[in-house]
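Both counts, for ligands and for their atoms, begin at 1 and track the order of listing.
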Amino acid sequence: MLGLKLATDPRWAKLAESNIEEILTDHAWCEQKAATNAITIITLNSEHTDLVTDLLVLAQEELQHFQMVHDIIKKRGYTLGRERKDSYVNELFKFRMRGGSRRESLVDRLLFSAMIEARSCERFKLLSKKIKDPELSKFYHVLMISEAGHYTTFLGFARKYGQDIDVDKRWEELLEFEGKLIQNYGTSESIHG
Ligand SMILES: [Fe+2]
Ligand SMILES: [Fe+2]
């Protein structure tokens, strides 16, 4: 699915379900980071009107997701916990090219974003299938579809702005890198943990 090299162990969903309060807090901050990331791409690449137009929509969708998670947190009598670090995303960030052109760093950032969307989508799909809680199962199904759309948006713009770059090769390298990285995860109650 989505080119990912390694599927998440279904036991991770059980673990996530065992600590809903923690998974919801972690998830809320993932959505905040996704919105922030889209705004950063806009800030650094303001001259690309089509990119800015679509990422403004995407950033708002991520903020909506943040709000949706927060609403569930409140409804269940929990309080949003402090921001959680996402070591998976931090590790993935290290794959980015250093010292390239602005265009190269844009393409790299778009591929990095597409990768996180792809893995999040895969994790949400697993949660929607495995989790017993009907409200959360439906919720994760809805988000899975939305994040799949974001994946397509980021990959599409990477291809569009990477005409002089071998985007498919770079994407394949990133998929390989992520496939190895994710082997160290799947053992904690967090969206990418
Ligand atoms: Fe999202
Ligand atoms: Fe997303």
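Note: H70 and Y78 fail the aromatic proximity criterion, with ring centroids not under 6.0 Å apart. Aromatic ring centres of F112 and F95 lie farther apart than the 6.0 Å criterion allows.
Salt bridge annotation for E135-R76: present, with a cationic side-chain nitrogen under 4.0 angstrom from a carboxylate oxygen.
Minimum heavy-atom separation, E104 to I165: CG-CD1, 3.7 Å.
For R96 and F93, the positive end sits near the middle of the six-membered ring, less than 6.0 Å away and at most 45° from its axis.
Residue-and-atom listing of protein N/O/S atoms under 2.8 Å from the Fe ion (ligand 2), sorted by chain and number: E62 OE2, E117 OE1, E117 OE2, E147 OE1, H150 ND1.
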Residue pair F66, W29: steps toward the ring-ring contact (aromatic ring centres under 6.0 Å, His included) verdict: CA-CA 7 Å; F66 189 7; W29 291 114; 5.6 Å; yes
